[in-house]
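Data block below; observations after.
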Amino acid sequence: MKILNTSNTHPIVLIRGLLREQRHWGDFLNQLNTQFPKRQIICVDLAGNGKRHKLQSPKSIPAMVQDLRIQLRLKLTTDTPIDLIALSMGGMIAISWMTLFPAEIRSAILMNTSVRPLSPFYQRLNWRQYLTTVRMLLNQSEQQETLIFNMTSNQPIQAKVIENWTQWKKECPITAQNVFNQLLASSIFCFTEKPKQPVMLLGSSNDRLVSHQCSESLAKHTEWSLINHTTAGHDLTLDEPEWVARQVAAFYSQLL
């Protein structure tokens, strides 16, 4: 992989989606560190997820922004504006952050995100996955992570990945209240204003969890560029970490 040799001091901040934590970035984080060895790369967990699983998740996307801003202040080594990379619900947080505190954000890369009112509910959660989603939420065994893998990845089942996810869930269990809060926040978030920062959209044409039409609708409404992967699933960074890292490097090279 070609390393982007730059002294860019803008930190890169990664935001995961619903019910996920920073360890779920997997190999993608290694790819980023290889691409940008001189930049500070920070993964943040929402309250209620990961190491912060004992806290209560906010019930709105703007409240999640405030939560992450406080967490980020403890980690940043510079006061320069940050570059956001966000997946799914993380994209909603990024949009809200850019709108509420524009001076803090230089750019954003949003992957497979969806927003009201640009996309209807049956596209934001593929209607074919309704039953599986209910089964996943009710199941607390290893099968839960297998169901999540099947909904978010188009790769064959990877036993080691499922094993890791299951172990992380045991270490950092998410309460039913926090599941509800995060579902509520993502369902009621509404796109009201186009952020002024540069934004790139990455989409999965074969996303089985969220319709790819959501990314297309967002791109059409905002005139943001949309780059599609033809075979990856909803979790682009799980299925194609190198491809995503290449798109990130190309996007950042245009900002220098």
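Quick caveat, the model's predicted, so the values are computed rather than measured. In this chain, residues are counted from 1 in sequence order.
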Test item: L125 and V210 side chains (from C-beta on) under 4.5 Å apart, heavy atoms
no
inquiry  = Hydrophobic clustering (ILVMFWY, side-chain heavy atoms < 4.5 Å, transitive) - are W97 and I188 grouped together?
reply    = no
What I'd like to find out is whether the side chain of H221 reaches to under 4.5 Å of the side chain of W224, using heavy atoms alone. no
So the salt bridge (Lys or Arg N to Asp or Glu O under 4.0 Å) pairs with at least one residue in residues 222-237 (sequence neighbours excluded) are R16-D235
- request: Evaluate the side-chain hydrogen bond (donor to acceptor under 3.5 Å, both in side chains) criterion for residues E145 and T166: first the C-alpha distance (whole Å), next the side-chain angles of each, then the deciding distance (0.1 Å), finally the verdict.
  value: CA-CA 6 Å; E145 297 301 325; T166 302; 5.8 Å; no
For residues 59-74, the salt bridge (Lys or Arg N to Asp or Glu O under 4.0 Å) pairs (sequence neighbours left out) are R52-D67, R69-E104
* **Audit row: T175, V179, side chain to side chain contact (heavy atoms under 4.5 Å, CB included) steps and yes/no** => CA-CA 6 Å; T175 66; V179 171; over 6 Å; no
Query - Flag side-chain contact, heavy atom, 4.5 Å: N112 against S215 - result: yes
Report task. Treating Ile, Leu, Val, Met, Phe, Trp and Tyr as nodes and any side-chain heavy-atom pair under 4.5 angstrom as an edge, say whether F101 and M92 lie in one connected cluster. Result -> yes
Scanning both residues in full, the closest heavy-atom pair of E193 with T99 reads OE1-CG2, 3.4 Å
Using a 4.5 Å cut-off on heavy atoms from C-beta on, say whether the side chain of S107 contacts that of L84. no
Do Q22 and D45 have a side chain donor and acceptor closer than 3.5 Å?
yes
To the nearest 0.5 Å, atom CD1 of I42 lies from atom CD1 of I15 at 11.0 Å
Checklist entry - Quick one: is the NZ or CZ of R20 closer than 6.0 Å to the six-membered ring centre of W165, and within 45° of its axis? => result yes
Could you tell me whether the side chain of K169 and the main chain of I174 form a donor-acceptor pair under 3.5 Å?
no
Taken to the nearest 0.5 Å, the spacing of Q197 CD from M98 CE works out to 5.5 Å
Between T78 and T9, the two heavy atoms sitting closest are CG2-O, 3.7 Å
| query | Hey, does the Lys NZ or Arg CZ of R124 hover above the aromatic six-ring of F121, less than 6.0 Å from the centre and inside 45° of the axis? | reply | no
### Query
Counting heavy atoms not belonging to K54, are there more than 12 under 6.0 Å from its NZ?
no
**Message:** Check this for me: F180, atom CZ, are more than 12 non-hydrogen atoms of other residues, nucleotides or ligands nearer than 6.0 Å?
**Reply:** no
Distance col, row M200:CE vs I85:CD1, nearest 0.5 angstrom, shows 8.0 Å
Residue pair H234, S88: steps toward the side-chain hydrogen bond (donor to acceptor under 3.5 Å, both in side chains) verdict: CA-CA 8 Å; H234 182 70; S88 196; 3.0 Å; yes
Does any part of the side chain of F189, heavy atoms only, come nearer than 4.5 Å to the side chain of I95, both counted from C-beta? yes
*Just wondering, do V44 and L14 contact through their side chains at under 4.5 Å, heavy atoms?*
no
Output for pair (L87 CG, L110 CG), nearest 0.5 Å, gives 10.0 Å
For H10 and D83, test the side chains for any donor-to-acceptor distance below 3.5 angstrom and give the result as yes or no. no
Note to self: With a 3.5 Å distance limit and no angle check, can you tell me whether N49 reaches the backbone of E21 through a side-chain donor-acceptor pair?
What the structure shows: no
_Exam field: side chain S96 to backbone I93, donor-acceptor pair closer than 3.5 Å_ = no
*Are the side chain of N228 and the backbone N or O of T230 linked by a donor-acceptor pair below 3.5 Å?*
no
Taking every heavy atom of A185 against every heavy atom of P58, the minimum-distance pair comes out as CB-O, 4.3 Å
Between Q56 and A47, the two heavy atoms sitting closest are O-CB, 3.6 Å
(Q) Between F251 and I227, is the side chain to side chain contact (heavy atoms under 4.5 Å, CB included) condition met? List the steps. (A) CA-CA 11 Å; F251 178 67; I227 302 176; over 6 Å; no
Apart from L55 itself, members of its ILVMFWY cluster (side-chain separation under 4.5 Å) are none
Note, I109 side chain near Y252 side chain (heavy atom, < 4.5 Å)
yes
Indicate every side-chain donor-acceptor pair of residues 149-157 with a distance under 3.5 Å to a residue at least two apart or in another chain.
residue : atom : partner : partner atom : Å
N150    : ND2  : T146    : O            : 3.4
T152    : OG1  : I148    : O            : 2.8
S153    : OG   : Q155    : N            : 3.0
S153    : OG   : D239    : OD1          : 2.6
N154    : OD1  : R208    : NE           : 3.0
N154    : OD1  : R208    : NH2          : 3.4
N154    : ND2  : N206    : O            : 3.1
N154    : ND2  : T231    : O            : 2.9
N154    : ND2  : A232    : O            : 3.1

message = Would Q247 and V244 count as a side chain to side chain contact (heavy atoms under 4.5 Å, CB included) here? Give the steps.
response = CA-CA 5 Å; Q247 307 311 315; V244 176; 5.6 Å; no
Taken to the nearest 0.5 Å, the spacing of F28 CZ from L236 CG works out to 9.5 Å
Hits for side chain to side chain donor-acceptor pair (under 3.5 Å) against S119, two or more places apart or cross-chain, chain-then-number order -> none
Closest non-hydrogen contact found for S253 with A250 is OG-O, 2.6 Å
Joint cluster assignment, L255 & L202, ILVMFWY side-chain distance < 4.5 Å
yes
- Does the side chain to side chain contact (heavy atoms under 4.5 Å, CB included) test come out yes or no for Q158 and I162, once each step is laid out? CA-CA 6 Å; Q158 299 178 32; I162 301 299; 5.8 Å; no
One should read off an interatomic distance between D27 CG and T237 OG1, to the nearest 0.5 angstrom, of 10.0 Å
| Heavy-atom side-chain contact between V199 and L201 under 4.5 Å | yes
Heavy-atom nearest pair, M111 first then W25, reads CE-CZ3, 4.1 Å
Ignoring hydrogens and angles, state whether a donor on the side chain of S204 or H212 is under 3.5 Å from an acceptor on the partner side chain.
no
Applied to residues 171-188, the salt bridge (Lys or Arg N to Asp or Glu O under 4.0 Å) test, sequence neighbours excluded, yields R23-E171
* Asked: Any chance the side chains of Q182 and N178 put a donor and an acceptor closer than 3.5 Å?
  -> no
